[in-house]
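Side chains are part of it too, since the values below use all heavy atoms of this structure and drop only hydrogens, waters and symmetry mates. Chain naming here is simple, since letters A, B, ... match the order of the sequence lines and numbering starts at 1 in each.
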Amino acid sequence: MNPTDFRDRFDLLRREAARVLLGQDELILHTLIAVLAGGHVLIEGVPGLGKTLLVRTLAHVVGATFKRIQFTPDLMPSDVTGGNVFNQKEDRFVFHEGPIFTQLLLADEINRAPAKTQSALLEAMQDLAVTSDGVTRPLPEPFFVLATQNPIESQGTYPLPEAQLDRFLVKVNVKHPSAAVEKLILRNHASGFNAARLDRAELQQIATAEELCAMRELLSQVRVDDGIIDYIADIVGRSRAHRSVYLGASPRASIGLLGVARAMAASEGRDFVIPDDVKALAPAVLRHRLILHPDAEIEGVSADDCVGDILREAKVPKTAA
Amino acid sequence: MTRYLVRLTALAALLALAPGARAAEVSADVRTVLADPRYRFCHEDDYPLTPEEHAWCPLVGEISGACPSLPKACKLPPVPLRPSLLGRAHRGTRAESAPVDRVPEEDGRQRPPERLNFSLPDMSGLAKVLFFVLLAVALVAVVRAIVKNLVRDRAGDPDDAPPDPGAGTVVAATTPRGPIETDVERLLSRARAAADRGDYARAVDDAYAALLRRLDGDGLIEIHPSRTNGDYVRTLRDRPDLRGPVGSIVRDVEGVQFGATAPSESVFRSVLERVIPLVSRALVLALTFLGLSVAFSCTPHDGDDAGASDASPSGTQAIVEVLNKHGLKVRHRGEAIAKLEHPLALVLLPGVVLDDAQWKILLAWVEDQGGRLVIAGVSKLPDEVEQRIVADTETTTVVSVAPSPLGTARPPGVAWAGQPALSWPPGSHLVPVETPLEAVEGTVLVRGELPVLTERTVGAGRIVLLADDRLLTNAALVVDDNASFLLTLLFRSSIPPEREVELCDEWTGAGAQTPLESVNNARLTPVVIQLMVLLALLFLWKGRAFARLRDPPVEARRSFADHARALGLAYGRSRASRHVTGLYAVWALERLRERVHRAGRQGLIPLAEAIAIRTGRPEGEVMSVLVDATGARDEAAPPSSFRGGNARPPIGARDRTAPSKDAVEADLALMRALMSFLAATGQRRPTEPKDPVS
């Protein structure tokens with residue numbers, strides 16, 4: 001596979017997903033980029049914007065095995081990872097795989113489970129493996145988690161710990177569609193589309209899990225200039241020095257930003273990263289990793305504002321200015 | 001006999017073909033024209049007349065309706081002018097009459113200089129508008145650049161400012177950089193030079209930088225260190241004609257800058273070939289537009305050359321205006337006589353300079369092309385004209401129609417409205433080169449017995465010879481029927497339907513054909529060369545960029561005071577003065593306790609005592625402030641015992657309704673009082689060293 005093939009396949013994936021999920025081009029783009037970069041995606045948005053639909057659609061078009069966990073306050077870690085169950089017939093403990101043993105996992109309303117259960121995802125997300133009773137079991141490849149959370153309802157929710165947040169490669173905010181897009185959605189439904197019956201939507205499977213892995217492999221060949229490395233380091237460094245930021249982005253964020261920039265470059269048929277790739281994806285990579293000072297939060301400063309400041313101050317490499 | 005018949009026929013035709021020959025109508029037009037204040041000799045009683053102009057005075061009379069002030073000016077003695085300053089007052093060689101500055105040599109009176117009448121020659125309305133718009137834009141740009149630089153210099157150059165020690169935390173923000181080249185041409189030169197050196201990566205960078213600088217200069221993008229190439233391309237979304245080419249260049253440039261594309265000459269040439277048209281496009285368009293508009297608006301035969309004439313009594317300005325009112329197209333000829341293209345009426349005045357070759361061309365033009373030549377007072381005439389001008393002894397000023405040999409004063413059928421009364425000062429008459437006086441062919445007018453105007457047909461054209469040119473001066477219009485006769489004469493000489501009449505004087509042929517010739521004719525060549533040398537030296541010293549090269553302004557971070565002020569305004573808008581006072585009281589009481597620390601003594605009373613000692617204020621007053629501050633503090637951050645629903649409010653606490661204006665003032669007064677305590681107690685006293693054992 002070469003960058004042109006990558007771009008063509010990526011465009012097909014994007015277009016196929018956009019057939020179902022109308023008016024959420026940025027959401028689809030960022031999610032696909034993150035998936036191809038080997039990361040996990042945290043999708044935040046009010047109910048009814050198609051977050052779950054996106055994940056189901058994505059599972060369909062990439063041909064990945066798909067499982068869904070509805071996070072609730074009484075969800076236990078073993079409900080996620082699975083556990084050893086004594087088999088009386090065989091007189092031994094047998095491991096029963098939890099829903100995490102899949103390629104695409106939808107962690108719906110992830111912030112409704114307590115931190116203990118959320119932490120069950122930590123190892124899986126970072127090491128792509130699950131350890132139970134001292135036995136580490138690898139997860140199928142490719143493995144990626146798409147988690148959703150609702151920013152409005154705070155009662156009975158458990159904010160994700162920083163360690164958990166940091167493991168999400170990107171956080172995508174889903175916004176309300178425009179009036180024109182909403183009309184399209186209505187017409188789509190009026191013509192018989194049912195989000196619960198995606199099999200009737202005649203979605204094409206664009207890639208297989210193996211092809212997805214091949215696309216991921218190609219990213220390692222995307223060239224990264226030293227100027228890009230400096231630019232990424234500058235951006236992440238500035239996030240730690242920003243006046244409104246209490247805790248800046250980690251080196252994992254730098255690595256993640258590099259990864260998505262490579263994926264972005266490949267998605268446009270390039271075999272090299274340009275500053276635009278970094279700048280376009282920096283908000284998605286950094287916004288959930290910045291912890292703001294309380295006074296900044298009181299003033300109404302958001303993480304996106306801080307990232308915007310950082311990008312306005314960071315000098316683009318090899319610029320004419 | 002035949003000769004007389006020809007003469008009479010000529011005069012009959014001359015007078016019969018006049019446009020109605022309405023002398024009264026022409027006189028009215030003369031009055032209208034001379035009423036213009038530009039004709040100062042008609043409006044200024046002490047207008048200085050030259051001796052030549054003064055010769056008209058006996059003919060003007062005591063009162064002149066057309067030119068009221070001329071009779072009064074005539075009563076004053078004539079003013080001789082320096083030969084070098086004669087102008088058209090004395091038609092002579094071109095060298096003698098260049099300036100129009102008429103300063104009398106002996107008389108105290110001065111003929112005022114001609115008003116400077118600035119106009120753009122031969123430019124259409126569109127071209128004039130464009131010219132003035134460009135002029136205004138250039139002027140505004142220069143003034144803006146100067147002001148901007150002055151303001152910057154006055155405010156201090158941020159590049160020269162010492163680095164802010166607190167800014168060190170911002171990564172790479174204060175990394176020193178050399179000056180950034182912003183001049184497009186210099187960037188392109190640098191790119192070419194780099195390419196010549198084989199440094200194609202640098203060459204590509206510079207060529208692309210030139211493109212960005214041009215777009216920035218055109219106001220299409222705004223270059224900033226934090227902007228990516230994609231940002232610039234997206235900025236051009238409203239310019240699809242540019243977005244495509246710029247996007248294509250960006251792809252190639254980024255391939256070299258960040259990709260694996262090796263910078264090579266072919267890549268550089270490819271980029272440069274696409275950059276050059278975009279970089280020079282705006283300039284080329286402007287120049288093309290200006291050039292086309294000027295070229296298409298050039299109208300060399302417009303005829304409106306009022307500025308080229310002279311409004312003095314010896315000038316021809318009024319002549320031109322009067323004749324133009326009657327259907328003739330009269331103008332002063334600037335082009336060389338050798339460039340005559342089509343037949344018309346050409347009037348030669350004394351200042352015209354013609355050599356033998358030019359005379360030959362002129363006479364051939366008359367004979368072959370049917371040109372009409374009116375020679376007025378030109379002293380050096382070629383033999384082909386067969387007549388010459390000599391000074392006469394005749395003192396009469398009356399000019400009359402030449403008598404016919406049959407004894408009739410007026411030829412039959414002449415449509416002249418009354419007896420033509422023609423008068424001009426005595427001076428010259430015509431004599432044939434070879435034949436005796438009475439044999440002058442085609443005599444039309446005589447003074448006494450001496451011919452002063454003759455006319456004869458030459459080939460397809462005609463030559464009219466006037467003994468002197470004073471009939472073609474502004475002053476001549478004032479006298480009798482001169483104006484009417486002149487109109488008749490030139491109307492007959494002109495060729496329908498255009499009826500073009502061109503006056504040739506000392507300036508004819510003096511017009512430059514090229515800008516360089518124009519500069520040279522104006523004797524400005526040394527000045528221009530000096531200016532060019534100066535500019536070359538300035539270029540070598542400073543380069544082409546205007547003012548100092550500067551980095552683009554860096555967006556300054558907001559100071560802490562701005563944040564504090566914004567926060568204060570936010571609190572003020574939400575009427576939270578009590579809350580602010582409480583928070584301030586928390587901090588202030590803590591600081592005061594630190595500063596006036598009284599070991600072992602707790603509570604407000606010892607604190608008030610200590611502050612009263614330090615500040616010299618009454619203890620009761622201090623105590624009152626502290627109690628209020630404590631109340632405000634407890635309201636803002638109440639102790640846990642007050643957090644219950646039924647707890648009593650703290651001492652000094654205020655009602656939790658919206659604060660009135662007085663309450664806000666009281667809060668501010670409390671904060672000021674606390675601030676004064678803090679100021680009076682000064683810096684924190686050094687604490688006693690702790691007992692290491694304890």
Look at the rings of A:Phe10 and A:Phe6 and say which category their plane angle falls in: under 30° parallel, 30 to 60° tilted, over 60° perpendicular.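 Ring orientation of A:Phe10 relative to A:Phe6: parallel.
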Just say parallel, tilted or perpendicular for the rings of A:His293 and A:Tyr246, cut-offs at 30° and 60°. perpendicular
Is any NZ, NE, NH1 or NH2 atom of the basic residue among [X] and [Y] found under 4.0 Å from an Asp or Glu carboxylate oxygen of the other?
X        : Y        : result
B:Arg202 : B:Asp205 : no
B:Arg192 : B:Asp196 : no
A:Asp309 : A:Arg312 : yes
A:Arg289 : A:Asp166 : yes

If you count heavy-atom pairs within less than 4.5 Å of chain B, which of A:Ala280, A:Gly227, A:Ala314, A:Ala265 leads? A:Ala314
Using heavy-atom distances under 4.5 Å, tell me whether A:Lys318 contacts chain B through its side chain, its backbone, both, or neither. both
Residue part contacting chain A, namely of B:Leu567, when any heavy atom lies under 4.5 Å: side chain
Residue by residue, scan residues 253-264 of chain B and write down, ordered by number, those that have a heavy-atom distance under 4.5 Å to chain A; if none do, write 'none'.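 Only B:Glu254, B:Gly255, B:Gln257, B:Phe258, B:Gly259, B:Ala260 of residues 253-264 of chain B have a heavy atom under 4.5 Å from chain A.
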What do the steps show when you test B:Asp216 against B:Arg227 for salt bridge (Lys or Arg N to Asp or Glu O under 4.0 Å), and what is the final call? CA-CA 13 Å; B:Asp216 183 61; B:Arg227 299 219 166 96; over 6 Å; no
